[in-house]
*Asks:* 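Once you've had a glance at the structure underneath, I'll fire off some questions.
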Amino acid sequence: FGPEFAEASLALKILMAHIFVFYLTQAYGTPLLAWQFDKGYTTVLVVGAIINIALNIVLIPRIGIEGAALATLITQLAIGLFLMAFAHKAFGIKHYSLIARVIIVTIVSYTISHSVIESLSIFSLTIPVVFLIVFGGGYILIYTTLSMFLGVIRKTDVQSFTHTPD
């Protein structure tokens, strides 16, 4: 978007990580609401709001916009952990190993993809649509390969997307 937005790039990266954590959190929050555990869900969100306010008070004066983004990420992680514990207690749901593997796959995929983007940044400016398509396809390939390697998904899961039934 131009040099005037360069200062916000770190905050944006932190908030992008927040989105990943947010969607993991929703995997636990939605069932709690569906099965009428809304009081516990609301309690977790209120605790999260208190954590976020406290972190903002501490971090924003020290590190500015990055502090606000970091407070949001930390708060979402806390909410996710609380909801995970609550879902475990309420339903016996235990996905800790799977979540750990998904996080590892995501971090490694992001790191590889980000390194490639940084080394090819000149191309992203010249043909952005082609760059995004190639980058997106590459990221999906890396993520899928690592997911199969770590047992997050099976080869048959991938094949079900690529083959049509006869």
Side-chain angles (χ1 to χ4, degrees), residues 5 8-114 132 135-165:
F5 293 96
S9 66
L10 179 57
L12 179 61
K13 289 175 184 178
I14 294 168
L15 290 174
M16 289 170 62
H18 160 265
I19 293 299
F20 169 74
V21 176
F22 172 79
Y23 283 113
L24 275 179
T25 300
Q26 292 308 303
Y28 289 95
T30 303
L32 290 171
L33 287 174
W35 288 305
Q36 299 178 357
F37 285 92
D38 50 325
K39 185 176 179 182
Y41 183 75
T42 302
T43 302
V44 168
L45 293 183
V46 168
V47 170
I50 293 167
I51 291 169
N52 190 257
I53 291 167
L55 287 171
N56 278 320
I57 289 170
V58 171
L59 295 175
I60 291 174
R62 290 193 169 101
I63 54 178
I65 190 173
E66 289 84 7
L70 193 57
T72 301
L73 175 61
I74 292 168
T75 299
Q76 195 64 51
L77 284 167
I79 289 171
L81 290 173
F82 293 146
L83 287 176
M84 191 184 310
F86 193 89
H88 174 73
K89 182 179 176 186
F91 310 119
I93 297 173
K94 295 186 274 187
H95 293 122
Y96 308 118
S97 173
L98 177 62
I99 289 173
R101 288 180 283 155
V102 167
I103 291 170
I104 290 168
V105 167
T106 302
I107 290 170
V108 171
S109 298
Y110 172 80
T111 303
I112 292 169
S113 300
H114 185 69
L132 287 174
F135 169 71
Y139 183 83
I140 291 170
L141 180 65
I142 293 167
Y143 192 90
T144 303
T145 302
L146 288 172
S147 293
M148 287 191 309
F149 180 73
L150 290 177
V152 173
I153 58 174
R154 297 178 307 260
K155 186 177 179 182
T156 56
D157 297 330
V158 175
Q159 289 172 337
S160 69
F161 286 111
T162 59
H163 292 90
T164 57

*Asks:* Look up atom CE in Met148 and atom OG1 in Thr156, then write down how far apart they are to the nearest 0.5 Å.
*Replies:*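 Between atom CE of Met148 and atom OG1 of Thr156 there are 10.0 Å.
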*Asks:* For residues Leu32 and Ala87, report the shortest heavy-atom separation together with the two atoms involved.
*Replies:*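 It is CD2-CA, 4.3 Å.
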*Asks:* Hey, does the side chain of Arg62 reach the backbone of Gly67 with a donor-acceptor pair shorter than 3.5 angstrom?
*Replies:*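 The answer is no, because no donor-acceptor pair under 3.5 Å joins these two groups.
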*Asks:* State, to 0.1 Å, how close Arg101 and Val152 come at their nearest heavy-atom pair, and which atoms those are.
*Replies:*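 Smallest heavy-atom distance, with atoms named: CB-CG2, 3.7 Å.
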*Asks:* Quick one: pull up CD in Gln76 and OG1 in Thr25 and give me the separation to the nearest 0.5 Å.
*Replies:*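 Spacing of CD (Gln76) from OG1 (Thr25) equals 4.0 Å.
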*Asks:* When rounded to the nearest 0.5 angstrom, what is the spacing between OG1 in Thr43 and CZ in Phe37?
*Replies:*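 Nearest 0.5 Å value for the OG1-CZ distance: 13.0 Å.
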*Asks:* Please report the interatomic distance CD(Gln26) to CG(Leu33), rounded to the nearest 0.5 Å.
*Replies:*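 Reported value, rounded in 0.5 Å steps: 8.5 Å.
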*Asks:* Any side-chain heavy-atom pair from Phe20 and Ile103 closer than 4.5 angstrom?
*Replies:*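 Side-chain contact under 4.5 Å: yes.
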*Asks:* Can you name the nearest heavy-atom pair linking Ser147 to Val105, along with the distance?
*Replies:*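 So the two residues come closest at OG-CG1, 3.5 Å.
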*Asks:* In this structure, are over 12 heavy atoms from other groups packed under 6.0 Å from Leu15 atom CG?
*Replies:*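 Counting neighbours around CG of Leu15, more than 12 heavy atoms of other residues, nucleotides or ligands fall under 6.0 Å, so yes.
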*Asks:* Out of curiosity, Phe149 CZ to Thr144 OG1, how far, rounded to the nearest 0.5 Å?
*Replies:*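 Spacing of CZ (Phe149) from OG1 (Thr144) equals 15.0 Å.
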*Asks:* Looking only at heavy atoms, what is the nearest atom pair of Ala69 and Ala11, with distance?
*Replies:*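 Heavy atoms of Ala69 and Ala11 come nearest at CB-O, 3.7 Å.
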*Asks:* Kindly compute the distance separating CD1 (Ile153) from OG1 (Thr145), expressed to the nearest 0.5 Å.
*Replies:*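 The distance works out to 8.5 Å.
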*Asks:* Does the side chain of Phe82 reach to within under 4.5 Å of the side chain of Ile51, using non-hydrogen atoms?
*Replies:*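 Result yes, sub-4.5 Å side-chain heavy-atom pair found.
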*Asks:* Would a 4.5 Å heavy-atom cut-off, applied to side chains only, mark Leu45 and Ile79 as touching?
*Replies:*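 Side-chain contact under 4.5 Å: yes.
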*Asks:* Look at atom CZ of Phe91 and say whether more than 12 heavy atoms of other residues, nucleotides or ligands are closer to it than 6.0 Å.
*Replies:*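 Correct, the count exceeds 12.
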*Asks:* Identify the heavy atoms of Tyr139 and Ser109 that sit nearest to each other, and give their distance.
*Replies:*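 Shortest heavy-atom contact: CE1-CB, 3.6 Å.
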*Asks:* Here's a test for you: under side-chain contact (heavy atoms from CB on, under 4.5 Å), which of Asn52, Ile53, Asn56 qualifies with Thr75?
*Replies:*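 The single option meeting the side-chain contact (heavy atoms from CB on, under 4.5 Å) with Thr75 is Asn52.
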